[in-house]
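Quick note on labels: first sequence line is chain A, next is B, and so on, each numbered from 1.
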2 protein chains.
Amino acid sequence: MIPIYLPNPSISIKNINKHTIIDMIRFIPGGVSRIELSQALGITRAGVTTIINDLLAGGVVREMNGSHGRSRRVALEINPQMGLALGIDIGATHISTYLADFSGRVIQESEMRIHIDQGPLPVLAAVDEQIHHVLDLAGVPLSRVSTMGIGVPGPINIDAGMVDTPPIMPGWNRYPIRDELQARYGIPVTLNNDAELGALGEWAYGAGRRHDNLAFVKVGSGIGAGLLLNGQIYRGSTGSAGEIGHITIDDNGPRCTCGNIGCLESLAGGIAIAQTMKKEIRRGQKSILDLNALTEDLSYEHVIDAAFKGDLLAQNIINDAGYRLGTAVASLVNLFNPGIVIVGGGVSVAGDILLEPMRKAVRDRSLAATSSPLTIMTSVLGKRAPGMGAVVQAVSQVLHRQLA
Amino acid sequence: MIPIYLPNPSISIKNINKHTIIDMIRFIPGGVSRIELSQALGITRAGVTTIINDLLAGGVVREMNGSHGRSRRVALEINPQMGLALGIDIGATHISTYLADFSGRVIQESEMRIHIDQGPLPVLAAVDEQIHHVLDLAGVPLSRVSTMGIGVPGPINIDAGMVDTPPIMPGWNRYPIRDELQARYGIPVTLNNDAELGALGEWAYGAGRRHDNLAFVKVGSGIGAGLLLNGQIYRGSTGSAGEIGHITIDDNGPRCTCGNIGCLESLAGGIAIAQTMKKEIRRGQKSILDLNALTEDLSYEHVIDAAFKGDLLAQNIINDAGYRLGTAVASLVNLFNPGIVIVGGGVSVAGDILLEPMRKAVRDRSLAATSSPLTIMTSVLGKRAPGMGAVVQAVSQVLHRQLA
DNA sequence: TATTTATTGTCAAGTCATTTAACATTATCT
DNA sequence: AGATAATGTTAAATGACTTGACAATAAATA
């Protein structure tokens, strides 16, 4: 193909080979040798040697398998001791906090339930609490953490570092999340959408390795997708790409929180699954779940749990949600032709009860040429995917920002 | 944003700034000055001067005369006399041939009706005929043409230069289109999908100027979309991205040629429009069109013509097609969040009769945050869009391929 | 076990895109 | 007409990368 060079490249890339080498070393499992780098980049071995010596001197990378000074095929890896990063995944009802080294290994993690609609002040206070909790557990002072990535469930204005008219984050609109955290902790902070971080996390350390085009469909309380296209996070022209949850599935469906009719999210999201279950039980359908026996409100976790225990009603409800998900994913597949669709988020723990009807819907509703080479699977990183993506962004930031 | 550097860049780009400068000069209307280039690329004025001197010496660019501004701003443009390019757009039922200079100005054009299902040999013979026809009209020998771009209505294997299991091109599968033409004419040939060339053409010289993310929806006999994302043509993992025509619109719809049920193309494509019109007339609906009076089979052009003449039945049929198109475009908009959706292809000459119901469907079915900043309009280049895209690819090829 | 071979990595000198820093040219304002 | 600001040019310096010769090792061969 003849590439098109954009009239307005967002950033002028200085040492593009050095940047590429750093990321190849970061993301290729098992490490890369100098000659592999030289072949991939189209520069000579000598050129690679110069760059690698620079990175070795800076402590960014190290040689694997003991230390042959000179040998045949020396694999390189990121030096984990280069620094520590915090990855924070804020969902509608939880905060997950991860402390990881620069190679992406998680050192300590913690989770906490919140409600995002309480607004930024209490939620960011909870984030602060979690950060200190995780650091205490790991016995690491804040001063040793050099970067931080954070994901939230809304469309992001990436330059401003804030959310832009989010459907489900009342009170957060135009709150300066990134700058606030940056000022509070004195380290660089990146702010991203949680689904796009899920895609990035799976691409870096999960099911999406080696895929240039992937979709991460996060099915939790709501439904959103993160897209990685041509090897880059794709955000669209105003940062709200991937809104698969608001594709219309049923013209006669219920009204969605977004104001439209029959959106996928209002039919197959976690909230919808729980509501449907409650409604069906009240209508007298048989189930092992007893609404009166529950101490808390029935949630989609209860439905999934019941399905695993053989409850037919729960299985049917999840099956229907899966088929509807597949209906929307079929549109995505016809339009994007991704190599893999990764299903994450809380509802994805249902596994094939959800995925098999989904795969069927995709087969029924997309071109065979597009759907037959396609893999549809659950997240490898599970609930950690967005948090790991946040770590990746955080580490990218410091590794790429100031290169000599 | 922190960009992610792909582990496997398809081509190692040598003089990236030189490449970028060439394309900025090609595609920014009114020309660009050296200082604008220097600011956009983040290199010094001196660096730009060196590159431009090189391009001036090579005859690739030239200085424009009419200059205005606060100081001696010299605008640069592509040297049209650098060479000639052929752009060829093969559709289901036509071949359009364009002879253009390197600045994209069309010197001569020609159109011919064919049937693509006759297979490659007769169709490529017709292409040859058209090429000589156009060259004769322009009084230019073939030897002065230095490059050629061609578009066909099917998924492309870009490395192989052939179509890959196309739904509507029987007999063409794995025929070496690019290599055949390259051998026949002795000039470099690029092969692309027609819809992606439409997107590229509109981006370069039409409605999509300055847009980083756009969709070109080609509504002709069938329906396909070309996508330009993050400023690059997006093809998906197997080259069949943009198959909007095979999104399911109606679960109770007719069977499509692709084997599935209720595809957009089978409900709103040109063939479907003509068939619906015939069916309704036979059912006794009133229309100014008289099936018996037509010397040829009724086509969608007749329907559009009737609609412009006030025929209510024709208007209603086009209106329905527009709303259905909008249903699919709404999914596209929710997923991609493009800045503009450009509607091209033969049916788009219906204009707002088609587009207004489309816009309504998009409003009804996508998030306001995504659809309100969105422009939906017809192609500026009209039926020339894919051919102009072919010219762009052809010229790109020679300008970028061998740089000192 | 010793020797050969292919592969991988390194070194020093050279090349070339780009920067630095001083200078030249032009349009507009006063 | 002269001042000013913006834009473009030049020559020397910088530094990323290449060239071409050499060194070090694993595996193959003798």
The side chain of Ile35(B) lies closest to which of these nucleotides: dT20(C), dT18(C), dT7(D)?
dT7(D)
Integer-rounded Å distance: dA16(D) P and Asn53(A) CG:
13 Å
Gap between atoms CZ and P, on Arg73(B) and dT9(D) respectively (whole Å)
14 Å
Determine the contact category for Ser33(B): base if any of its heavy atoms lies under 4.0 Å from a base atom, sugar-phosphate if only primed atoms, P, OP1 or OP2 are that close, otherwise nothing.
sugar-phosphate
Interatomic distance, Ile16(B) CD1 vs dT18(C) P [rounded to whole Å]:
10 Å
Measure CG/Asp54(A) against C1'/dG15(D) and give the value in whole Å, please.
11 Å
Output the rounded distance in Å from CG (Asn15(B)) to P (dT18(C)).
7 Å
Tell me whether the side-chain N/O atoms of Thr49(A) come closer than 4.0 Å to OP1 or OP2 in dG9(C).
no
Main-chain N/O of Phe336(A) paired to Tyr234(B) side chain as donor or acceptor, under 3.5 Å
yes
When we call it a touch if two heavy atoms are under 4.0 Å apart, what does Arg34(B) touch: a base, just sugar-phosphate, or nothing?
sugar-phosphate
Distance in Å, Ile22(B) CD1 paired with Ser396(B) OG, rounded so as to fall on 0.5 Å steps
9.5 Å
Between the CE atom in Met64(A) and the CD1 atom in Ile25(A), the distance rounded to the nearest 0.5 Å is 11.0 Å
Which whole-number value in Å describes the distance from Arg45(A) CZ to dA23(D) C1'?
12 Å
Distance in angstrom units between Lys18(A) NZ and dG15(D) C1', rounded:
11 Å
Look at Asn17(B) and dA17(C) and indicate whether a side-chain polar atom (N or O) is within less than 4.0 Å of OP1 or OP2.
no
Taking the ring centre of each residue, are Phe27(A) and Trp203(A) less than 6.0 Å apart?
yes
Less than 4.0 angstrom between a side-chain N/O of Thr44(A) and OP1 or OP2 of dC17(D), yes or no?
no
For dT18(C) and Thr50(B) - does any side-chain N or O of the residue sit under 4.0 Å from the phosphate oxygens OP1/OP2?
no
Interatomic spacing from CZ in Arg34(A) to CD in Gln39(A) - rounded to 0.5 Å:
14.5 Å
Send over the distance from Ile51(A) CD1 to dG9(C) P, rounded to a whole Å.
14 Å
